[in-house]
Amino acid sequence: MLENLILSINIVLPLLLVMLAGCAASRARLCSETTITQMNNVCFRLFLPVLLMNNIRRADLAGAEGLSVLLYAMIGLVLLFIVLMALVPRVVKTDAQRGVVTQALFRSNYALFGMAVLASMYPGEELTLPSLMIPATVPVYNVLAVICLETFRGGSVSPAKLIKKIATNPLILGSLAGIVLMLLGNPLPAFLDEALLDLGGIATPLALFILGASFKLGALRGNGKLIGAVTLGKLIVVPLAMLLPAILVAGYRGQALASLLIAFGGPIAVSSFTMAQQMDGDADLAAELVVSTTIFSVFTLFVFIFVFKTLGLV
């Protein structure tokens with residue numbers, strides 16, 4: 001048990017320290033908000049797509065454990081969304097907050113935060129399945145987010161705009177490029193292969209650094225009770241509800257279970273704030289929830305990882 005405790009600490013603590021470094025750099029004014037925004041844009045549009053492409057193109061698809069887990073994640077998100085659309089309006093008073101809370105409870109920061117956690121959990125191993133989770137879940141996250149935010153602001157969903165938004169998502173494009181290269185046998189010359197690996201290697205530490213630099217701890221002062229309830233639901237209730245059937249019924253283990261843990265129990269995606277801002281949601285609440293779930297997910301994921309490792313599940 002002590003060995004699993006130390007291993008869990010070694011997985012989560014480095015991620016926290018990198019985020020704290022970003023937070024410290026921001027507070028020391030080593031990087032401005034404009035710089036942080038620009039770095040985030042480069043990371044999202046270049047480094048993360050390359051990282052996903054690398055993880056997929058270099059892997060043996062036949063060796064990926066339990067690809068049915070992708071279907072489980074997609075169906076699980078839809079079912080979770082349906083339940084939330086029925087329950088959230090009963091407990092949240094305003095439409096502007098209903099859309100934000102619904103999105104917060106089903107949408108995870110899988111690409112930026114999750115891949116970093118999984119890379120720490122399985123150092124040196126191929127992350128085929130965790131990487132394939134991106135093209136499987138990101139379109140679902142986006143579609144459901146647009147539907148719930150439009151619904152609660154009284155608008156209608158435009159299928160054409162929705163398809164364009166998904167089709168031009170850099171993470172989707174990077175994942176699809178990786179799938180194509182993998183199917184072609186990864187026919188890249190050595191110099192290009194090495195350059196892509198170097199570019200992809202920048203993604204994880206930079207994403208965590210940016211995440212820390214983006215924190216505005218003062219935002220947690222408002223909406224205290226609602227933030228606490230949503231954070232508890234997002235980081236504990238939802239993952240327990242979605243992971244218990246995955247363990248007991250579907251029998252998922254290893255990277256499959258770890259990927260589902262992040263997909264359902266990871267912190268809220270930073271982009272949820274941008275979407276709330278653009279679609280008449282409560283943007284302040286969205287920002288507060290991103291900060292709250294990111295901070296507390298460090299501790300909840302530590303507990304989940306420790307328990308799962310002790311039970312021999314991951």
Side-chain angles (χ1 to χ4, degrees), residues 7 10-19 21-22 25 31 35-36 38-67 69-70 108-139 168-213 254-256 258-259 261-263 266 269-271 314:
L7 184 60
N10 288 336
I11 289 171
V12 175
L13 192 56
L15 309 181
L16 177 61
L17 292 176
V18 175
M19 286 192 293
C31 47
T35 302
I36 294 168
Q38 290 173 337
M39 288 194 299
N40 188 48
N41 189 49
V42 173
C43 190
F44 180 73
R45 297 185 180 277
L46 175 61
F47 297 131
L48 273 172
V50 172
L51 173 64
L52 297 176
M53 181 179 68
N54 290 339
N55 287 338
I56 296 173
R57 72 184 175 86
R58 292 166 59 86
D60 177 13
L61 185 59
E65 176 193 358
L67 291 180
V69 72
L70 302 180
S108 293
N109 194 355
Y110 188 97
L112 271 73
F113 190 82
M115 289 301 296
V117 174
L118 292 163
S120 296
M121 291 179 68
Y122 301 99
E125 296 186 25
E126 291 181 346
L127 296 177
T128 310
L129 182 58
S131 296
L132 288 173
M133 189 69 78
I134 299 291
T137 58
V138 167
T168 56
N169 187 298
L171 303 181
I172 298 294
L173 295 176
S175 300
L176 292 177
I179 292 172
V180 171
L181 288 172
M182 179 183 61
L183 294 176
L184 294 175
N186 195 29
L188 297 179
F191 70 89
L192 182 56
D193 182 80
E194 188 65 29
L196 289 173
L197 290 176
D198 288 341
L199 285 173
I202 298 172
T204 297
L206 181 59
L208 291 171
F209 183 89
I210 293 170
L211 204 56
Q255 286 191 17
S259 298
L261 169 61
I262 304 302
V270 178
S271 57
V314 296

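Residues take their numbers from the sequence shown, with the count starting at 1. Heavy-atom basis, side chains included; hydrogens, waters and symmetry copies ignored.
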* From L48 atom CG to L206 atom CG, the distance as rounded to the nearest 0.5 Å -> 8.5 Å
* Any chance you could lay out the side chain to side chain contact (heavy atoms under 4.5 Å, CB included) test for L199 and M53, step after step, and finish with the verdict? => CA-CA 11 Å; L199 285 173; M53 181 179 68; over 6 Å; no
* Is a donor on one side and an acceptor on the other found under 3.5 Å between the side chain of Y110 and the backbone of P130? -> yes
* With sequence neighbours excluded, residues passing side-chain hydrogen bond (donor to acceptor under 3.5 Å, both in side chains) with S175 -> none
* Steps toward side chain to side chain contact (heavy atoms under 4.5 Å, CB included) verdict (C43, I210) -> CA-CA 9 Å; C43 190; I210 293 170; 4.0 Å; yes
* **Inter-residue atom distance F209.CZ - C31.SG, 0.5 Å rounding** => 5.0 Å
* To do: Begin with the C-alpha distance, continue with both residues' side-chain angles, and end with the deciding distance and a verdict on side chain to side chain contact (heavy atoms under 4.5 Å, CB included) for L127 and Q255.
  => CA-CA 8 Å; L127 296 177; Q255 286 191 17; 3.9 Å; yes
* How far does CG of L197 sit from CG of L51, to the nearest 0.5 angstrom? -> 10.0 Å
* side-chain hydrogen bond (donor to acceptor under 3.5 Å, both in side chains) partners of D198, counting only residues at least two apart -> none
* Of all heavy-atom pairs between A258 and L118, which one has the smallest distance, and what is that distance? -> CB-CD2, 3.6 Å
* How long is the gap from CG on L132 to CE on M182, to the nearest 0.5 Å? -> 6.0 Å
* P135 and S131: which non-hydrogen atoms are nearest, and at how many Å? -> CD-O, 3.2 Å
* Rounded distance (nearest 0.5 Å) linking atom CG of N40 with atom CZ of R45 -> 10.0 Å
* Donor-acceptor pair, N54 side chain versus V50 backbone, under 3.5 Å? -> yes
* Calculate, to the nearest 0.5 Å, the distance between atoms CD1 and OG1 belonging to I262 and T137 respectively. => 11.5 Å
